[in-house]
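Beneath this line is the structure, given in structure tokens, with notes to follow.
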Amino acid sequence: MSNFNSPMRLSSSLIKHLKYRVRMGSNPLLPHSRSFTTTEGHRPIIVHKRSLDILHDPWFNKGTSFSFTERDRLDLRGLLPPNVMSTEQQIERFMVDLKRLEEQARDGPSDPNALAKWRILNRLHDRNETMYYKVLIANIEEYAPIVYTPTVGLVCQNYSGLFRRPRGMYFSAEDRGEMMSMVYNWPADQVDMIVVTDGSRILGLGDLGVQGIGIAIGKLDLYVAAAGINPQRVLPVMIDVGSNNEKLLKDPLYLGLQRHRLDGDEYLAVVDEFMEAVFTRWPHVIVQFEDFQSKWAFKLLQRYRNTYRMFNDDVQGTAGVAIAGLLGAVRAQGRPMIDFPKQKIVVAGAGSAGIGVLNATRKTMARMLGNNEHAFQSAGRQFWVVDAKGLITEEREDLDPEACPFARNVKEIHRQGLREGASLVEVVQQVKPDVLLGLSAVGGLFSKEVLEALRGSTSTRPAIFAMSNPTTNAECTPEEAFSIVGDNVVFASGSPFKDVDLGNGHIGHCNQGNNMYLFPGIGLGTLLSGARIISDGMLQAAAECLAAYMTDEEVLKGVIYPSISSIRDITKQVAAAVIKEAIEEDLAEGYREMDSRELRKLSQEEIKEYVQNSMWSPEYPTLVFRKE
């Protein structure tokens with residue numbers, strides 16, 4: 001019998017947490033009576049507005065679902081059609097409209113259908129947040145690619161034309177000296193999660209300036225849908241320090257600062273002021289840095305990670321998802337994960353994502369080898385890194401300091417028949433790697449010649465990770481991988497592709513190595529643990545949890561990542577692993593009524609129940625009007 005049905009086995013803190021929810025109108029011992037949610041989800045909400053003001057507020061608007069009692073209480077009687085509809089009826093009506101309007105919402109034949117879907121979903125988001133997230137969660141597999149990659153890239157490219165209603169906050173170079181007061185313009189007294197970008201490297205699309213706000217909005221949609229972060233406590237942020245995209249600067253309709261980017265100390269001063277401002281108003285907020293160009297991604301991460309609760313998803317999240325996939329690829333070969341340090345890995349790309357993956361993967365290998373200096377040196381010899389100039393060796397001039405640990409010894413590569421600047425094809429031919437890992441943002445980089453060279457791999461089941469986003473930047477397609485390398489290849493990509501029919505009833509599985517498997521759980525676990533910082537150990541625990549999520553049977557079929565449809569459960573498991581690691585590292589300070597002392601008393605199952613019962617679910621709250 002589970003702990004959920006045996007309250008006497010629960011810790012005193014969890015009993016207190018559940019009793020508190022009972023007082024708020026929820027019975028935790030009847031899990032099917034209501035969706036699990038935070039106490040705020042069941043607590044009546046005090047509002048200071050009525051009538052049309054409520055209907056125009058997406059946080060509180062219920063549309064035709066307002067009961068007659070609420071219509072009287074909030075001066076809504078007569079402002080809505082008389083038939084009170086259930087949320088199921090509302091969703092059914094919306095979905096019928098969605099299917100009918102998909103084509104009509106297109107701006108001509110050049111406007112993709114995915115962008116039309118985004119427009120319709122965005123309109124729903126603008127008028128009724130609860131229903132928006134109910135639709136998104138119920139159809140996460142279909143709509144995650146719409147609100148996040150790959151469609152979000154198209155949204156960012158066209159954001160100045162798509163902008164209708166402000167969402168999030170904009171801090172610009174013109175706001176220097178004012179940010180401490182600006183943060184109080186945001187209406188929420190509590191913010192749990194911020195995603196911030198400066199728009200300098202949106203996906204693989206380059207500098208999109210202020211239009212990059214779309215990626216922050218999309219990420220937070222997934223924090224709500226996957227992690228159950230309360231949508232009234234999330235904040236997308238754009239730091240606009242200008243743009244070096246000349247096309248945008250010459251566009252009279254561009255919404256951002258029409259000036260070149262700040263750099264150096266001026267740039268740092270803007271980001272420093274922003275961080276001080278948000279942590280002054282919301283001391284316990286978590287800030288995720290998103291799509292900062294490589295030259296700043298590592299510097300800002302090192303600058304803030306030991307002071308603030310923050311992480312960089314491109315550097316750390318991508319690395320965690322890649323590690324989980326790489327460990328899965330070892331399992332797919334029928335070998336134990338402890339054999340991971342024996343894998344030969346050719347990496348295409350040495351930007352922030354590539355270096356982030358390399359650092360994290362080397363640490364994982366080194367830990368398996370004993371976690372000492374010799375282990376680190378040994379692990380480093382398993383990588384061959386190729387960038388736009390070819391193979392990186394110690395002969396490379398002006399090498400990025402972050403890439404230096406992975407530069408190959410010149411004498412060693414000469415013995416392998418390679419040289420500084422050797423092409424990707426040459427490296428694959430000579431190394432015969434177990435894994436070909438693409439983080440280059442160069443579409444089609446894994447050409448026919450490169451894939452043919454991989455057929456010479458010494459592995460019984462080579463793996464290809466075409467991880468660059470969006471879809472157009474993927475290093476190769478699954479069809480190319482399976483048709484050229486062979487049916488036994490393990491394939492993963494950053495953006496979604498369909499599985500490949502290999503004939504004779506066999507399927508070539510296309511695994512999407514999407515960061516959404518990890519970042520929601522990292523954020524939720526950090527929030528619920530009250531961890532002071534986000535440590536490497538917490539990130540490692542998240543990656544290993546994801547790697548272990550798949551069964552042996554699934555992995556041997558080439559399925560190394562789970563279905564997006566399971567994202568709520570995946571996030572719960574990852575968050576629990578993050579909390580457990582935060583407790584073990586003595587970083588956890590507790591969250592609300594679950595203080596750090598009581599948190600330490602929870603068993604692993606109790607931690608999972610604590611996480612599940614803390615996840616917000618899209619249910620309409622009762623609204624009560626009170627004058628300010």
Side-chain angles (χ1 to χ4, degrees), residues 56 58 105-108 110-112 114-127 129 132 146-179 181-183 185-187 194-221 234-263 266-267 270-271 273-274 277-278 287-293 296 470:
H56 294 160
R106 295 175 65 176
D107 283 350
S110 63
D111 189 359
L115 192 55
K117 284 186 181 180
W118 180 89
R119 291 172 190 270
I120 300 165
L121 287 167
N122 192 56
R123 290 171 198 161
L124 178 61
H125 198 178
D126 283 344
R127 64 181 183 268
E129 282 212 343
Y132 171 76
I146 303 298
V147 303
Y148 185 46
T149 182
T151 307
V152 72
L154 200 57
V155 170
C156 290
Q157 287 177 307
N158 296 277
Y159 199 79
S160 289
L162 293 170
F163 179 86
R164 296 293 181 271
R165 175 189 180 118
R167 181 171 285 120
M169 289 196 74
Y170 299 80
F171 295 84
S172 79
E174 301 301 315
D175 298 317
R176 281 176 282 187
E178 301 294 333
M179 294 183 194
S181 59
M182 283 172 62
V183 291
N185 292 338
W186 188 249
I194 289 174
V195 175
V196 60
T197 184
D198 68 352
S200 58
R201 190 203 62 83
I202 299 300
L203 299 172
L205 302 171
D207 186 345
L208 297 182
V210 78
Q211 299 183 158
I213 185 72
I215 194 72
I217 294 169
K219 285 273 186 174
L220 286 169
D221 278 347
V234 302
L235 175 58
V237 170
M238 161 56 61
I239 298 178
D240 185 1
V241 293
S243 174
N244 292 335
N245 185 327
E246 295 299 329
K247 182 179 178 181
L248 292 179
L249 296 180
K250 293 175 183 176
D251 183 354
L253 301 181
Y254 175 59
L255 295 173
L257 293 180
Q258 292 186 310
R259 51 161 294 169
H260 287 103
R261 285 187 172 274
L262 293 182
D263 206 353
E266 282 190 302
Y267 175 87
V270 172
V271 185
E273 186 179 347
F274 161 76
V278 296
V287 177
Q288 176 186 311
F289 277 60
E290 184 70 25
D291 284 354
F292 284 70
Q293 60 183 311
W296 288 117

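- The shortest heavy-atom contact between Gly214 and Val152 is O-CG2, 3.4 Å.
- One finds the CE atom of Met238 at 9.5 Å from the CD1 atom of Ile217 (value rounded to the nearest 0.5 Å).
- Looking only at side-chain heavy atoms (C-beta outward), Gln211 and Tyr254 come within less than 4.5 Å of each other.
- Closest non-hydrogen pair, Met182 versus Phe171, comes out as CE-CD2, 3.6 Å.
- Looking only at side-chain heavy atoms (C-beta outward), Leu257 and Val210 stay at 4.5 Å or farther from each other.
- Going from atom CG of Leu121 over to atom CG of Leu124 covers 7.0 Å, rounded to the nearest 0.5 Å.
- Between the CD1 atom in Ile215 and the SG atom in Cys156 there is a gap of 5.5 Å [rounded to 0.5 Å].
- Residues Leu203 and Pro470 are in side-chain contact: their nearest non-hydrogen atoms beyond the backbone lie under 4.5 Å apart.
- In terms of modelled atom types and a separation under 3.5 Å, the side chain of Glu290 and the main chain of Thr197 share no donor-acceptor contact.
- Side-chain contact of Asp221 with Tyr132: a donor-acceptor pair under 3.5 Å is present, judged by distance alone.
- A distance-only check finds no donor-acceptor pair linking the side chain of Arg261 to the backbone of Asp263 [under 3.5 Å].
- Salt bridge status for Glu273 with Arg176: absent, with no side-chain N to carboxylate O gap under 4.0 Å.
- Contact annotation: the side chain of Lys117 never approaches that of Val147 to less than 4.5 Å [non-hydrogen atoms, C-beta and beyond].
- Sorted by first then second residue, the side-chain hydrogen bond (donor to acceptor under 3.5 Å, both in side chains) pairs that include residues 149-158, not counting sequence neighbours, are Thr149-Ser495.
- A 4.5 Å side-chain heavy-atom check between Met169 and Leu235 finds at least one atom pair inside the cut-off.
- Side chains of Asn244 and Arg259: a donor-acceptor N/O pair is absent below 3.5 angstrom, by distance only.
- Only one option out of Asp240, Val241, Asn245 pairs with Ser243 in a side-chain contact (heavy atoms from CB on, under 4.5 Å); it is Asn245.
- Residues Gly168 and Trp186 share a closest heavy-atom pair of O-CZ3, 3.7 Å.
- Under a 3.5 Å cut-off, the side chain of Tyr159 and the backbone N or O of Leu208 do not form any donor-acceptor pair.
- Residue Asp207 holds its CG atom at 7.0 Å from CG of Leu248, rounded to the nearest 0.5 Å.
- Using a distance-only test at 3.5 Å, with no hydrogens or angles considered, a donor-acceptor pair links the side chain of Gln258 to the main chain of Asp251.
- When side chains are defined from C-beta on, His56 does not count as touching Arg127, because their heavy atoms never get closer than 4.5 Å.
- Distance check: Arg164 CZ to Arg119 CZ gives 7.0 Å after rounding to the nearest 0.5 Å.
- Remark: side-chain polar atoms of Arg201 are not paired, donor with acceptor, to backbone N or O of Asp198 under 3.5 angstrom.
- In this structure, the separation between CG on Leu154 and CH2 on Trp118 is 10.0 Å, given to the nearest 0.5 Å.
- Proximity of Phe274 to Val237: side-chain heavy atoms (C-beta onward) are separated by under 4.5 Å at one or more points.
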* To do: Could you please spell out the steps behind the side chain to side chain contact (heavy atoms under 4.5 Å, CB included) verdict for Arg167 and Asn122?
  => CA-CA 11 Å; Arg167 181 171 285 120; Asn122 192 56; 3.2 Å; yes
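- Looking at heavy atoms from C-beta onward, Glu246 lies in side-chain contact with His260 at the 4.5 angstrom threshold.
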